[in-house]
Q: 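Please read through the structure below; I'll follow up with questions.
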Amino acid sequence: MVKFLKPGKVVVVLQGKYAGRKAVIVQNYDNGTQERPYGHCLIAGIEKYPSKVTRKMSKDKIKKRSKVKAFVRVINYNHIMPTRYTLDIAESLKNAVPEDARTNISSRKKAKRKVQPILKERYLTGKNRWFFTKLRF
């Protein structure tokens, strides 16, 4: 069987607090680990999408509406839906997220603070606009 859930793959979260949110796989664990004996992955995604911006808005209003809020989560493969898209920021996200973020909650919070500016910078440069739009369903 071909392994297609790799770092950089864009997924949609199906279950839990972040259901309906887009995310990127940072690290995958196909065979599971000692504490999680099933396939799971560490994902970084967008908790709060940026609002719509128009040309006539002031710079302050544009800055306020361009905020991106991120999340970092360990999630079961059954609770994500892979898309056909990949993002090329997986390497920078992997550097931002420490190795123990899978088990330690405080390091996951630190990782969230490091991931947020990476995603915001990606949004402001205009690359992958589709990733920063809300799913409408």
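Counting begins at 1 with the first residue of the sequence. All heavy atoms count here, side chains included; hydrogens, waters and symmetry mates do not.
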Q: Are any of the side-chain heavy atoms of V24 and L93 separated by less than 4.5 Å?
A: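 Yes - at least one pair of side-chain heavy atoms lies under 4.5 Å apart.
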
Q: Are V68 and V72 joined in one hydrophobic group, where the rule is that I, L, V, M, F, W and Y side chains link up if heavy atoms are under 4.5 Å apart?
A: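 Shared cluster, yes.
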
Q: Using every non-hydrogen atom in the two residues, find where I25 and L5 come nearest and quote the distance to one decimal.
A: CD1-CD2, 3.9 Å

Q: Side-chain contact, heavy-atom cut-off 4.5 Å: R108 with R73?
A: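 Of all side-chain heavy-atom pairs linking R73 with R108, none is under 4.5 Å.
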
Q: If every non-hydrogen atom of T133 is compared with every non-hydrogen atom of K22, which pair is closest and at what distance?
A: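 Looking at all heavy atoms of both residues, the closest pair is O-NZ, 2.9 Å.
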
Q: Output, in order, the C-alpha distance, side-chain angles, deciding distance and verdict of side chain to side chain contact (heavy atoms under 4.5 Å, CB included) for I80 and V12.
A: CA-CA 6 Å; I80 57 175; V12 178; over 6 Å; no

Q: Run the side chain to side chain contact (heavy atoms under 4.5 Å, CB included) check on V10 and W130 step by step: do they pass?
A: CA-CA 11 Å; V10 176; W130 53 269; 3.7 Å; yes

Q: Are any non-hydrogen side-chain atoms of F131 and Y85 less than 4.5 angstrom apart?
A: no

Q: Can you tell me if Q27 uses its side chain to pair, donor with acceptor, with the backbone of C41 under 3.5 Å?
A: no

Q: Would you check if I46 and K134 make a side-chain contact, meaning some heavy-atom pair closer than 4.5 Å?
A: no

Q: Please report the closest heavy-atom contact between R65 and V53, naming both atoms and the distance.
A: CB-CG2, 4.2 Å

Q: What are the two closest heavy atoms between I62 and S66, and how far apart are they?
A: O-OG, 2.7 Å

Q: Closest approach of K94 and V26, non-hydrogen atoms and distance?
A: CA-CG1, 3.8 Å

Q: Which atom pair, heavy atoms only, marks the closest approach of P82 to V11?
A: CA-CG1, 3.8 Å

Q: Are R36 and V74 side-chain neighbours, meaning at least one heavy-atom pair lies under 4.5 Å?
A: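 SC-SC contact between R36 and V74 confirmed.
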
Q: How long is the span from the CD atom in E47 to the NZ atom in K69, to the nearest 0.5 Å?
A: 4.5 Å

Q: What pairs of residues pass the ring-ring contact (aromatic ring centres under 6.0 Å, His included) test when at least one of them lies in residues 46-71, not counting sequence neighbours?
A: Y18-F71

Q: Output the distance between atom CD1 (I105) and atom NZ (K110), rounded to the nearest 0.5 Å.
A: 13.0 Å

Q: Is the side chain of T86 donor-acceptor paired with the backbone N or O of K9 at a distance under 3.5 Å, no angle test?
A: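 Not a single qualifying donor-acceptor pair exists.
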
Q: Apply side chain to side chain contact (heavy atoms under 4.5 Å, CB included) to N95 and K114, showing your working.
A: CA-CA 9 Å; N95 294 337; K114 289 181 182 176; over 6 Å; no

Q: Nearest 0.5 angstrom please: I89 CD1 to L119 CG, how far?
A: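 It comes to 5.0 Å.
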
Q: Is the CG atom of L135 crowded by more than 12 outside heavy atoms at less than 6.0 Å?
A: yes

Q: Between R129 and Y123, does a side chain to side chain contact (heavy atoms under 4.5 Å, CB included) hold up when you go through it step by step?
A: CA-CA 7 Å; R129 279 283 198 208; Y123 169 71; 3.1 Å; yes

Q: Is it the case that over 12 heavy atoms from other parts of the model lie below 6.0 angstrom from the OH atom of Y38?
A: yes

Q: Within a 6.0 Å radius of atom NZ on K120, are there more than 12 heavy atoms belonging to other residues, nucleotides or ligands?
A: yes

Q: Any heavy-atom pair between the side chains of I43 and V13 that's under 4.5 Å?
A: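 Yes - at least one pair of side-chain heavy atoms lies under 4.5 Å apart.
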
Q: Does any pair with a residue in residues 55-64 pass side chain to side chain donor-acceptor pair (under 3.5 Å), and if so which ones, sequence neighbours excluded?
A: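 The answer is none; no pair qualifies.
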
Q: State which residues pass salt bridge (charged side-chain N to carboxylate O under 4.0 Å, His left out) with D30; sequence neighbours excluded, sorted by chain then number.
A: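 Partners of D30 under the salt bridge (charged side-chain N to carboxylate O under 4.0 Å, His left out) test: none.
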
Q: Should the pair D88-R122 be classified as a salt bridge under the 4.0 Å nitrogen-to-oxygen rule?
A: yes

